[in-house]
Amino acid sequence: MATENKAVITLFGATGDLAKRKLYTALFKLYQKGYLADHFALLGTSRRPLTDEEFQQIVRESISNIPETENGQAEAFSKHFFYKSHDVTKPEHYEILKQRLAELDEQFGAEGNRLFYMSMAPQFFGTIALNLKKQGLLTDNGFNRLVIEKPFGRDFESAKKLNDELSQTFSENQIFRIDHYLGKEMVQNIQALRFGNTMIESLWNNRYIDNIQVTLSEKLGVEERAGYYDQSGALRDMVQNHIMQIVAQLAMEQPVAFTDADVRVEKIKALRSLRLYTPSEAAANFVRGQYDAGDGTNAYRHEDGVDPESGTETFVAAKLMFDNYRWSGVPFYVRTGKKLADKFTRIDVVFKKPLIDIFANPRSESDQSLNSNVLTIFVEPNSGFAIQLNAKRAGQGFTTEPVDLRFLQSDSDKKESPEPYERLFHDALEGNHTNFASWAEIAYAWKFVDVIRKLWDIEKPQFPNYTPGSMGPAASDELLARDGRKWVYRLNH
Ligand SMILES: NC(=O)c1ccc[n+]([C@@H]2O[C@H](COP(=O)([O-])OP(=O)(O)OC[C@H]3O[C@@H](n4cnc5c(N)ncnc54)[C@H](OP(=O)(O)O)[C@@H]3O)[C@@H](O)[C@H]2O)c1
């Protein structure tokens with residue numbers, strides 16, 4: 001039985017793309033499940049003038065693709081939505097918001113609980129937070145929480161400045177920094193897989209694991225996000241946040257308990273032991289790429305809104321090392337890119353081969369050599385995992401062959417799984433930080449990424465260097481080949 005969350009949500013950027021595509025649908029699903037019911041209201045704001053009715057109509061349109069579970073449900077849900085035109089840079093507007101929030105709190109019995117959601121361009125985050133405090137929009141009798149969209153800064157300096165600004169109004173345990181990858185079912189399942197299974201956790205170290213590979217592959221190009229993306233690139237857009245969060249979950253020690261505070265402590269410790277490269281080490285351990293024309297589509301540099309001379313990377317591969325007892329000597333290879341062969345996210349954990357391969361021994365009757373065991377964690381589009389083992393091929397003689405044990409989430413499981421934004425909204429309403437990035441994690445991630453960013457900003461790249469439909473530039477394969485390794489997922493193997 002769902003427990004109802006009581007709160008007034010203030011949504012900055014209520015007419016924006018994210019709100020319309022993701023946030024209203026996430027809230028509607030929470031409403032259908034009973035996590036939101038009579039005691040919630042949402043006050044949407046942005047500059048354009050709208051009446052409450054017009055805003056409610058926008059909300060109904062945004063959720064129109066979700067079937068109602070009761071007649072009139074969408075209409076009833078939309079009646080919890082209200083709107084005030086507001087320019088976040090104008091302090092006088094906050095007074096109007098303040099009054100309206102107090103009225104809605106009273107009307108819906110939200111008991112002073114306030115959730116402020118910043119779904120706007122990041123340059124406004126600091127201003128909004130400062131004004132919320134100065135103009136007295138926080139309550140004394142309920143919770144005050146801030147949910148903030150990515151990107152969190154462009155480098156360590158700007159992230160720190162933003163964090164300092166937010167910290168003047170909100171303490172760390174009131175801030176929920178969105179990384180929607182952390183809302184995905186299988187990313188959360190990494191912890192169940194590791195800490196719920198002796199078979200896996202007992203082997204989860206440098207004695208048994210040879211290397212770990214994380215791939216976030218996108219099939220599409222830059223599409224309509226060119227303006228943002230050309231200023232960001234794959235390193236900032238994907239590596240600093242999503243990839244670092246996944247890697248932290250893979251590398252962390254077992255938390256004392258499965259609570260948000262305990263998990264955070266371990267993720268931070270893991271990121272603290274990530275080796276910070278010198279500039280020359282970073283140059284050797286990072287690869288960048290940019291897609292060319294192909295398959296009848298434009299090269300990145302000829303996409304609408306992209307500088308024709310752009311040096312922005314649409315692909316990154318890197319080798320990460322952790323200097324701690326568990327992982328010393330085990331490389332974590334990561335890669336992400338646009339216009340690659342397919343859209344998927346997966347993690348491949350490659351185990352060491354047996355110390356002695358008796359099947360390859362000249363005295364044995366077989367000259368078969370063994371494959372490495374591989375645990376593959378599928379994050380998307382399908383959630384699940386596979387374990388590759390060596391087994392005897394049926395029949396005369398003796399040869400081994402790799403066999404796959406596989407579990408993929410069923411369609412009915414998939415239906416049960418909330419979308420990332422639904423899960424994250426609910427977590428924020430519950431005050432659960434497990435699936436949000438803490439400031440310390442973000443700070444370590446930026447410090448790691450800044451070294452290579454500074455280098456790449458100076459050195460002009462030889463772009464374009466990979467074709468659409470490939471798995472990135474040749475240098476990405478060479479990064480592993482140098483260590484005598486290969487990507488587990490590769491084309492034509
Ligand atoms: N869209 C996505 O899929 C996506 C994915 C991940 C993260 N994000 C992040 O989510 C945030 C929002 O993205 P978005 O795509 O929804 O942006 P967007 O479509 O550009 O929406 C921006 C919103 O801010 C409002 N706004 C702009 N200037 C304002 C001002 N001075 N005062 C008050 N309101 C103002 C706009 O309405 P008015 O013009 O009427 O003021 C609009 O509602 C960004 O941080 C983005 O990086 C977005």
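Since this is a predicted model, take the numbers as computed values, not measurements. All ligand and atom numbering here is 1-based and tracks the order in the structure.
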Provide, to 0.1 Å, the distance between [atom] and the closest protein heavy atom, together with that atom's residue and name.
atom	answer
atom 1 (N) of ligand 1	Asp17 OD2, 2.7 Å
atom 33 (C) of ligand 1	His86 O, 3.1 Å
atom 43 (O) of ligand 1	Thr15 OG1, 2.7 Å
atom 9 (C) of ligand 1	Lys150 O, 3.5 Å
atom 23 (C) of ligand 1	Gly13 CA, 3.6 Å
atom 13 (O) of ligand 1	Leu18 CB, 4.2 Å
atom 25 (C) of ligand 1	Ser46 CB, 3.9 Å
atom 27 (C) of ligand 1	Arg47 NH2, 3.5 Å

Mind checking whether Tyr31 and Tyr35 have ring centres under 6.0 Å apart?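 No.
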
State yes or no: are the ring centers of Phe332 and Phe322 separated by less than 6.0 Å?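 Phe332 vs Phe322: aromatic centres under 6.0 Å.
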
Under a 4.0 angstrom heavy-atom cut-off, which atoms of ligand 1 come close to [X]?
X	answer
Met120	11 (C), 12 (C), 24 (O), 26 (N), 27 (C), 28 (N), 29 (C), 30 (C), 33 (C), 34 (N), 35 (C), 44 (C), 45 (O)
Pro151	47 (O)
Phe124	28 (N), 31 (N)
Arg48	37 (O), 38 (P), 39 (O), 40 (O)
Gly16	16 (O), 19 (O), 21 (O), 42 (C), 43 (O)

Salt bridge check: are [X] and [Y] linked by an N-O gap of less than 4.0 Å?
X	Y	result
Lys79	Glu75	yes
Asp105	Arg114	yes
Glu313	Arg453	yes

With a distance cut-off below 6.0 Å to the six-membered ring centre and an angular limit of 45° from the axis, does [X] pair with [Y] as a cation-pi contact?
X	Y	result
Lys338	Tyr229	yes
Lys319	Tyr333	no
Arg177	Phe152	yes

So, the side chain of Lys150 versus the backbone of Asp237: is there a donor-acceptor pair under 3.5 Å, distance only?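 Looks like yes, one N/O pair under 3.5 Å.
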
Whether Gln174 side chain and Arg145 backbone form a donor-acceptor pair below 3.5 Å: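 Absent.
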
Between His433 and Asn173, do the side chains contain a donor N or O and an acceptor N or O under 3.5 Å apart?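 Short answer, no.
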
Students often mix this up, so state it plainly: with edges at 30° and 60°, are the rings of Tyr291 and Tyr300 parallel, tilted or perpendicular?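 The arrangement is perpendicular - the two ring planes meet at more than 60°.
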
Geometry only, no angles: is Pro122 polar-contacting ligand 1 at N/O separations under 3.5 Å?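 In fact, backbone or side chain, Pro122 has no N or O that close.
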
Just let me know how [X] lines up against ligand 1, side chain, backbone, both or neither, with a heavy-atom cut-off below 4.0 Å.
X	value
Tyr228	neither
Arg21	side chain
Glu149	side chain

Would a 4.0 Å cut-off, counted as strictly less than, catch a protein heavy atom around atom 20 (O) of ligand 1?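 No, no protein heavy atom sits under 4.0 Å from atom 20 (O) of ligand 1.
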
Judged on heavy-atom distance to atom 12 (C) of ligand 1, which of Ser119, Ser232, Ala121 sits nearest?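 Residue with the shortest heavy-atom distance to the ligand atom: Ser119.
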
